[in-house]
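All figures in this text were calculated on a predicted structure; none of them were measured in a lab. Lettering of chains follows the sequences in order, A, B, ..., and the numbering in each one begins at 1.
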Amino acid sequence: MTSARSQSFVLGLIGVSLFLIAWEVIGTYRLAGLTWPPLSTVLAFLTTPAKLPLFGRAAAASFTSVAIGYLCGACGGLILALASHLIAPVRPGLDRLVAVIHAIPSIALAPLLIVLASADATPPIISGLGVGYIFYVAATSGLATASATHRDLFAVLGASRFSVTLRLDLPSALPAIASAMKLSVPIAFIGAIIGEWFGASRGLGLLIVSAMQNFQIPLLWSAVLITAVASLAMFALFSLTERLVQERMR
Amino acid sequence: MSDKPAIRIDRVSKTFRLGDGNELSALVDIDLTIAPGEFVALLGPSGCGKSTILRLVAALEGATAGRVTIEGKAPADLCQSHRLGVAFQDHALLPWLDIEANVALPFHLAGRSVDKAQVKDLISLVGLAGFEKARPKQLSGGMRQRASIARALVLEPEVLLLDEPFGALDAVTRRQMNVELQRIWSRHSITTLLVTHSVDEALFLADRVVVMSGRPGRIILDLPAPFARPRAPSVMRDPAFHDMVDRLTEALEPEGAHA
């Protein structure tokens with residue numbers, strides 16, 4: 001580890017500590033009013049044994065939606081990107097279709113999906129649409145990044161279209177796809193939480209909405225904290241993956 | 001069969017259509033025949049269209065007029081049957097593969113199983129033994145070019161195309177690479193077309209040096225390089241070599257340069 005990297009790690013640690021201390025202080029002295037509890041109160045609430053099954057059920061439901069949405073969105077986005085890469089005539093149409101779907105705010109889409117599909121299918125669908133968009137955009141641009149000289153080389157060596165895609169375009173696209181993996185994480189969580197607001201039977205999103213409406217401040221903050229920590233942890237994990245892929249492929 | 005030309009460039013012209021609707025005449029009425037096993041160097045100032053000729057032979061471009069044939073067939077046929085080897089100025093090694101896998105790449109693209117002994121032989125022929133597992137970015141510019149030449153030769157191609165393969169190297173490494181390439185080529189004697197703007201390089205490596213003028217590109221001189229093979233670096237100190245360097249350098253000077 002270089003000294004620059006360890007320095008930025010230490011600075012990051014200091015930053016996070018300052019943030020957590022500020023949270024605690026603001027809550028303790030009620031600087032932001034009654035709706036800002038100190039961190040210690042939230043953590044105490046979160047670790048109350050009686051509450052664990054509630055959080056467990058909600059988190060399991062939401063994380064399942066996130067996982068399904070993420071995987072389906074990633075696969076869908078990659079498959080569409082490959083189709084647009086391999087079949088030139090469909091490219092403009094696919095680009096536009098994906099852009100149009102993405103341009104519809106998910107808040108507007110959610111009620112529609114609840115009517116069309118079901119309340120429990122809505123969170124993964126919204127999540128998947130957002131993730132799919134990121135993967136599609138990253139993969140289509142990534143698949144086009146191979147240099148002109150590499151393309152010439154493959155042409156002179158008589159490579160088939162399939163070989164060019166497999167041995168040149170896909171490896172060249174991996175760094176962009178790794179970035180999409182990272183950037184999709186918050187999108188997947190937002191999609192799942194928003195999807196749950198519109199009447200899912202369980203989940204962190206539902207917990208957030210009902211806690212807010214019933215003024216259960218520690219419960220609200222706990223649900224938000226679980227979501228944030230999970231999203232950040234996954235984001236950090238995929239950041240690491242992204243760095244490894246970029247070192248390996250470049 | 002041996003008197004049949006390996007590469008025939010038959011009164012070829014190439015015009016590029018520019019973005020503003022104008023046309024750029026890159027090559028006019030180029031006529032060039034390369035015999036089997038012959039090493040021809042195309043020498044010319046930058047922008048004279050010498051790389052365009054190589055791209056026509058590599059089936060990367062099509063001629064506007066005239067015809068390019070390799071062994072009587074279209075160049076694309078040779079590509080399709082994986083019998084063309086190429087090395088560019090940009091080494092074009094794949095950064096995610098190690099040297100061994102890069103050199104073995106043509107086998108995969110040809111849908112053949114990798115001949116490991118052949119890959120190993122070529123890696124040691126170009127002086128990279130021990131670097132099989134190194135990644136391109138860990139090697140020097142000269143070593144990367146060696147790897148790209150090994151890759152060009154690995155399928156034992158009928159025709160080898162070299163597009164300024166040492167153009168990005170420093171003078172000392174370049175000369176050393178020329179000596180190496182001469183040695184390697186003497187082992188294989190493949191029909192070779194080398195594009196370069198270095199007079200020394202052309203003369204030292206080739207059997208014949210073809211000089212082109214710039215814009216539009218045409219052939220202005222076609223000289224044999226009558227030095228016995230294998231050629232030692234000392235050839236470059238031969239007075240006859242110097243005379244020819246002078247002649248070729250003079251031919252390269254643009255018309256009206258002194259006006």
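Per-residue heavy-atom pair counts under 4.5 Å with chain A were compared for B/A87, B/G85, B/A76, B/A92, and the maximum is reached by B/A92. Comparing B/K137, B/Q80, B/H108 by how many heavy-atom pairs each has under 4.5 Å with chain A, the most go to B/H108. Annotation: maximal heavy-atom pairing with chain A below 4.5 Å, among B/L155, B/L60, B/L84, occurs at B/L60. Residue with the most contacts toward chain B among A/L166, A/L168, A/V164: A/L168 (heavy-atom pairs, distance under 4.5 Å).
Between B/S148 and the choices B/R144, B/R151, B/Q145, the side chain to side chain donor-acceptor pair (under 3.5 Å) rule is met once, by B/Q145.
Ring-plane geometry between A/Y133 and A/H102 is classed as parallel, the angle between the planes falling under 30 degrees on a 0 to 90 degree scale with a further cut at 60.
Heavy-atom distances place the backbone of B/L93, and not its side chain, under 4.5 Å from chain A. For a residue to count as touching a neighbouring chain, one of its non-hydrogen atoms must lie under 4.5 Å from one of that chain's; by this rule A/R250 touches chain B with the backbone only. Heavy atoms closer than 4.5 Å to chain A are found in both the backbone and the side chain of B/A58.
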- Would you please test A/T140 and A/H85 for side-chain contact (heavy atoms from CB on, under 4.5 Å) and show each step? CA-CA 7 Å; A/T140 42; A/H85 180 69; over 6 Å; no
Worked check of salt bridge (charged side-chain N to carboxylate O under 4.0 Å, His left out) between B/D115 and B/K120: CA-CA 9 Å; B/D115 180 345; B/K120 192 167 177 284; over 6 Å; no
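The pair A/D152-B/R55 counts as a salt bridge, with a side-chain nitrogen and a carboxylate oxygen less than 4.0 angstrom apart. Between A/D169 and A/R151 a salt bridge is recorded (basic side-chain N to carboxylate O distance below 4.0 Å).
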